[in-house]
Amino acid sequence: MAFGNTKWIWMNGKFVPWHEATFHVSAHALHYGSGVFEGVRCYETANGPAVFRLDDHLARLYASAAVYGIEIPAEPEELAEATCELISLNGFSSCYVRHISFYGSDSLALHPGNCPVQVAILAWPWGSLLGAAATSGVRITVSPWLKFHSQMMPTRAKACGQYLNSILAVRDAVARGYHEALLLNSQGHIAEGSSENLFVVCDGRIFTNDERDSILLGITRDSVIEIARDLGYDVETQTLHLEDLLNADEAFFTGTAAEIAPVSEVDGKPIGNGLAGRITTQIRNAFVAAVAGFDRRYEHWLTPVEQTAEVVI
Ligand code: PMP
């Protein structure tokens, strides 16, 4: 089981053993997806584990919650502190962290009414989402499922139920032998992968889309824009058409779970020479240096995890 090494979960202000971290089957969120979440990574550095862009992820969590009227029963500072303690208690040097806040059990009317808001943090060791393809190249397919328009559901929010759209797309892609799906939006422009943003490289310039094309504004995306500009590249945000991707020299996905992964082909058509491109590799190396604390310019993105001695239950 992926979570086999996780001993402790943080739940509503307390650390509880893994098997005690349960909620009732009548929870509103289980029936309707009425929750919000974050995916964050903690990386090993020379000074111990450090959480990458924790404050930015928590800011997005609270922004997502605000859209759905979810009043998270904890301050961001408390969640930040609990995140670090949880990683330390579990003894992880690197891991993935999931924050979730959702409507619990009171009523199953669609309006969540008095359903109590729950909040929890889970951490577990997790390698790159795309496995070996993250190095050799991700084979993607244009999904028959469209990304929902941001007026249907707020694509800038990371809400549980919104992910059924991504699940349909990735299941279809995998069933047809691809690693990942690429979703177009209702205007036929490129939106994003099931859980990644897309960048294309053309004639040494880098392009990505933005919220106008119904994407989640990824924190990895934002980091890559800054890193690429620091490397001297011109990065432009504009609508991306499928032809832009098919004619690109290089393309890559970004996301917390997927990290930076070259896209090698789209529906059987190679992108560039079908291998990880030079600029993609350069950006990826710079990203790896940033998250591992080797590049001082990005130190402010890292929250060090202090060692916690004991659990306060
Ligand atoms: N798009 C979607 C739909 C996602 O779920 C994710 C993963 N959170 C991303 C993009 C990338 O966002 P981030 O870099 O913040 O993980």
Side-chain angles (χ1 to χ4, degrees), residues 33 35-43 51-65 67 83 95-101 122-123 126-130 134 138 140 143 145-150 152-173 179-186 189-200 208-228 235 237 240 251-261 263 280 283-284 286-288 290-291 298 301 303:
V36 293
F37 68 100
E38 267 307 316
V40 184
R41 272 193 191 272
C42 167
Y43 290 94
V51 188
F52 186 64
R53 301 198 64 170
L54 178 58
D55 294 343
D56 298 306
H57 280 284
L58 289 176
R60 190 170 66 185
L61 181 73
Y62 283 80
S64 302
V67 175
T83 302
C95 59
Y96 182 88
V97 183
R98 182 54 65 87
H99 301 84
I100 184 163
S101 184
L122 168 67
W126 197 15
S128 173
L129 172 72
L130 294 159
V138 185
I140 67 174
S143 181
W145 296 101
L146 298 182
K147 173 83 195 204
F148 50 84
H149 190 272
S150 52
M152 300 173 183
M153 280 199 253
T155 62
R156 292 178 67 152
K158 209 168 158 54
C160 301
Q162 297 186 187
Y163 276 82
L164 287 170
N165 180 232
S166 288
I167 291 169
L168 285 171
V170 72
R171 283 191 64 114
D172 165 74
H179 296 125
E180 179 55 297
L182 179 70
L183 288 88
L184 305 183
N185 64 22
S186 51
H189 306 149
I190 290 176
E192 58 189 340
S194 72
S195 60
E196 304 89 4
N197 294 123
L198 182 77
F199 285 74
V200 300
T208 194
N209 53 8
D210 62 20
E211 69 273 22
R212 288 168 295 183
D213 279 309
S214 299
I215 64 164
L216 180 77
L217 284 174
I219 290 168
T220 321
R221 168 189 176 279
D222 181 71
S223 311
V224 161
I225 292 173
E226 190 167 331
I227 288 172
V235 185
T237 48
L240 296 176
F252 58 93
F253 272 147
T254 64
T256 299
E259 300 174 298
I260 297 176
V263 172
T280 303
I283 292 172
R284 194 164 178 226
F287 178 79
V288 169
V291 301
Y298 308 114
W301 283 344
T303 301

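The first residue in the sequence is number 1, and the count goes up from there. The shown structure was predicted, so the numbers you read here are calculated from the model rather than taken from an experiment. Remember, it's 1-based here, ligands and their atoms both numbered in the order they're listed. What's counted below: heavy atoms across the whole structure, side chains too, no hydrogens, waters or symmetry copies.
Counted by atom type alone, Glu180 and Ser194 present one or more donor-acceptor pairs between their side chains at under 3.5 Å.
No more than 12 heavy atoms of other residues, nucleotides or ligands lie within 6.0 Å of CH2 in Trp145, so this atom counts as exposed by the packing criterion. Surrounding CZ of Arg98 are more than 12 heavy atoms belonging to other residues, nucleotides or ligands, all under 6.0 Å away.
Here the shortest heavy-atom pairing between Thr254 and Ile260 reads CG2-CG1, 4.4 Å.
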Within the protein, flag every N or O under 3.5 Å from an N or O of ligand 1, and note the pair and distance.
from     : atom 1 : to     : atom 2 : distance (Å)
ligand 1 : 1 (N)  : Glu192 : OE1    : 2.7
ligand 1 : 5 (O)  : Lys158 : NZ     : 3.3
ligand 1 : 5 (O)  : Tyr163 : OH     : 2.4
ligand 1 : 8 (N)  : Lys158 : NZ     : 2.8
ligand 1 : 14 (O) : Ile219 : N      : 3.2
ligand 1 : 14 (O) : Thr220 : N      : 2.9
ligand 1 : 14 (O) : Thr220 : OG1    : 2.6
ligand 1 : 15 (O) : Arg60  : NH1    : 2.9
ligand 1 : 15 (O) : Arg60  : NH2    : 3.0
ligand 1 : 15 (O) : Ile219 : N      : 2.7
ligand 1 : 16 (O) : Thr256 : N      : 2.9
ligand 1 : 16 (O) : Thr256 : OG1    : 2.6

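Side-chain N or O atoms of Asn197 include one that pairs as donor or acceptor with a backbone N or O of Leu216 at under 3.5 Å.
At a threshold of 4.5 Å between non-hydrogen side-chain atoms, the residues Arg221 and Thr208 count as touching.
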